[in-house]
2 protein chains.
Amino acid sequence: MTTRDTLVRAALERFARYGYLGSSIQQIAADVGASKSSVLYHFDSKEALLEAAMAPALDALSGIIESLPERRDDKVAAAPALVTGFVDTLLQHSAAVSIFISQRGALQDVPVIQRGNELVDTIASTLVAEAPSTRALTRLSIGLAGVAFILGEALRETHQRPDPAELREVLIETLLELCLPAACTRAPQAEMHT
Amino acid sequence: MTTRDTLVRAALERFARYGYLGSSIQQIAADVGASKSSVLYHFDSKEALLEAAMAPALDALSGIIESLPERRDDKVAAAPALVTGFVDTLLQHSAAVSIFISQRGALQDVPVIQRGNELVDTIASTLVAEAPSTRALTRLSIGLAGVAFILGEALRETHQRPDPAELREVLIETLLELCLPAACTRAPQAEMHT
DNA sequence: TCGACTTCTGACCGATCGGTCAGTACGCTG
DNA sequence: CAGCGTACTGACCGATCGGTCAGAAGTCGA
């Protein structure tokens, strides 16, 4: 593995755990036994390092939504496979996903974050294209943000690590449940109208 | 309104929007037309300012879980009212909730964040006391994190602001759905075992 | 052996950070 | 008026930040 790749991995972990603003180039360099100058030799700036670290995840998600419009037959039937692939991609890039979800507010001026925002907008508008109700959009947001949060939580060393396979199944199932319109009615609906 | 209260409000908004590490005392002071020294006169440190800003939200949530063990009759029947009160509290303190959820990783050494962590642990263990399965816990986490994310998103000026009343209902309904064990079986379960 | 290129480093720079401190303006009480 | 506590400020401090730069060390082909 090249020094550059090592730095990207270290940066990804640091940024996910302590935040982009909470991580210094010095610390990332120390993590891999290099100097701050070495980091700035491989990457033009701290932002460039963040971009290099986030790029694979963004590319993977871009790939998913590009191959999306092909299957147009039955949305409900296609949903499980779609959500499964989506969750697997999120799991593969959990650190980057966690960085994006929890820090996109503070980093709204960073280009790579803006690219992520556009990507999310595309996903959202695609998934709820035919029923862009506030309700559907909100449920989808809860699902995506919740899943991303779990991903970020899973890569911390505290608490016990859940079984990855079981986690994957629960994520897929829950996201699917939030994504599809509620087919079966809930029993007690509280005192809400509807 | 006293200068102190004004500063707390400004800090809450800054911290939620740009992150604790992304906000300087100088900026918060400028938001209210005061000087940096004035901020440090009212609060011993930047951490103390964060604590003062988060305290009302943490106190409110503490109040909720303290009044929890009283109703022990039927968990399922009590859930709607409980979740409703919970969501309303989160809505009242949306900025603080957003700060906590998205920055608790980067601020894990800050005492007020640790207090929040303990609070969340208490809530989680209380809500899934009788069925502490990974599944139930994960679903609950997704719901809480998702709702908190929506809250943080709602207080940004970008995009259109959704109808508060409708948002509240969707949040309650969705959280309730994720909280209660799935009473009715989903139709297509994909190619997962189980 | 001699450059040329890549990789990497320590020294250094200006800016900004959180925080300290001496001092000022003001209102109240005696 | 004097004295005192509250509210507030500008000047200043050390530390750390991201980033620049000149140069050292190694490799490689001519």
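Note that the structure is predicted; figures quoted are calculated from it, not measured. Throughout, a chain's letter reflects where its sequence line sits, starting with A, and its residues are numbered from 1.
Around atom CG of B:D88, more than 12 heavy atoms belonging to other residues, nucleotides or ligands sit under 6.0 Å away.
Under 4.0 angstrom from either OP1 or OP2 of D:dA7 there lies at least one side-chain N or O belonging to B:Y41. For D:dT6, neither phosphate oxygen OP1 nor OP2 lies less than 4.0 angstrom from any side-chain nitrogen or oxygen of B:H42.
Residue A:S24 is classed as a sugar-phosphate contact, given heavy-atom separations below 4.0 Å to backbone atoms only. Using a 4.0 Å heavy-atom criterion, one finds that B:S23 contacts the sugar-phosphate atoms exclusively. B:L40 comes within contact range of at least one nucleobase, with a heavy-atom separation under 4.0 Å.
Comparing B:K36 and B:T3 by the nucleotide of DNA chain D that holds the closest heavy atom to each, the one mapping nearer the 5' end is B:T3.
Linking Ile, Leu, Val, Met, Phe, Trp and Tyr residues whenever their side-chain heavy atoms come within less than 4.5 Å places A:I64 and A:L58 in a single cluster. A continuous path of ILVMFWY side-chain contacts below 4.5 Å connects B:L167 to A:L140, so both sit in one hydrophobic cluster. Linking ILVMFWY side-chain heavy atoms closer than 4.5 Å, directly or via other members, places B:I28 and B:Y41 in two distinct hydrophobic clusters.
For B:Q26 and D:dT9, the CD to C1' distance is 12 Å, given to the nearest whole Å.
Interatomic distance, CG of A:L90 versus CG of A:L171, reported as 8.5 Å (0.5 Å rounding).
Extent of DNA chain C lying under 4.0 Å from chain A heavy atoms, first and last nucleotide in 5' to 3' order, is C:dT6 to C:dA11.
Remark: of the listed residues B:I172, B:L178, B:V97, B:L175, B:L175 is the sole one forming a side chain to side chain contact (heavy atoms under 4.5 Å, CB included) with B:V147.
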